[in-house]
Amino acid sequence: MNVVFELATAQAKQCIDLTERVREVVERSGVQAGLCHVMVLHSTAAIVVNEFDDPNIGRDLLTALDRAVPDHAGWLHDRIDANAHAHIKAAVLGPSELVAVRDGALVLGTWQRLLLVELDGPRTRQVSVSVV
Ligand code: ZN
């Protein structure tokens, strides 16, 4: 089963918890044992697994990325659309995560959540969820 859903991000850079939306897809799929692949269909956003209970973790992640890959620091792609920093950060984080499904549920640690990392928003983003 594959579902693509959309969500609108609200800020230029932010982390959004997708876990409940992905859980709904897993439940609808009826898969009891398998794998769930979550992929953002854009090159300036990313999917990661991390904690969201303290939203400052997401803010710290974005700050760390800004320090490592500053905006408009002479990147060649900025000559075309001024978002090279977002492409680089997205490539470092990666576009997808793969999570096991056991007993019809995502196998995540207590503090782990599936997060979309917006790096060049606000935009409408498409997320593909495949359960096999
Ligand atoms: Zn670009």
Side-chain angles (χ1 to χ4, degrees):
M1 176 184 192
N2 175 260
V3 171
V4 175
F5 65 80
E6 290 189 346
L7 78 159
T9 63
Q11 300 170 27
K13 300 169 188 174
Q14 70 179 127
C15 294
I16 299 172
D17 189 351
L18 301 178
T19 311
E20 292 312 314
R21 293 190 76 167
V22 175
R23 274 192 216 283
E24 289 172 15
V25 175
V26 171
E27 285 178 16
R28 274 194 285 142
S29 76
V31 171
Q32 291 300 300
L35 294 169
C36 178
H37 182 251
V38 182
M39 179 165 174
V40 65
L41 304 180
H42 305 269
S43 58
T44 56
I47 301 289
V48 301
V49 172
N50 214 295
E51 182 178 334
F52 198 70
D53 195 59
D54 176 4
N56 282 329
I57 293 171
R59 292 191 191 106
D60 285 343
L61 172 63
L62 293 168
T63 299
L65 290 168
D66 282 343
R67 289 178 186 165
V69 185
D71 296 7
H72 314 303
W75 310 116
L76 299 176
H77 178 66
D78 283 347
R79 297 174 190 168
I80 296 173
D81 67 2
N83 66 354
H85 59 93
H87 288 280
I88 296 165
K89 292 168 185 170
V92 169
L93 295 177
S96 68
E97 290 285 356
L98 187 64
V99 180
V101 174
R102 185 178 61 222
D103 299 327
L106 292 167
V107 180
L108 291 169
T110 302
W111 299 105
Q112 289 181 317
R113 309 290 287 182
L114 281 156
L115 308 177
L116 180 139
V117 184
E118 174 60 80
L119 298 162
D120 190 34
R123 293 175 188 244
T124 298
R125 297 299 196 176
Q126 292 189 314
V127 178
S128 166
V129 180
S130 299
V131 188
V132 295

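Indexing begins at 1, ligand by ligand and atom by atom, following the structure's order.
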Q. Ion pair present between Lys89 and Asp120, side-chain N to carboxylate O less than 4.0 angstrom?
A. no
Q | Sidechain-backbone polar pair: Thr19 side chain, Leu114 backbone, donor-acceptor under 3.5 Å | A | yes
(Q) Under a 3.5 Å distance rule, please check whether Ser128 uses its side chain to pair with a backbone N or O of Met39 as donor and acceptor. (A) no
Q.
Looking only at N, O or S atoms, which one in His87 sits nearest to the Zn ion (ligand 1)?
A. NE2
Q.
Rounded to the nearest 0.5 Å, what separates atom CG in Asn83 from atom CD1 in Ile88?
A. 10.0 Å
Q.
Closer than 2.8 Å to the Zn ion (ligand 1): does that hold for any N, O or S atom in Asn83?
A. yes
Q.
Taking backbone and side chain together, does Asp120 place any N/O/S atom at a distance below 2.8 Å from the Zn ion (ligand 1)?
A. no
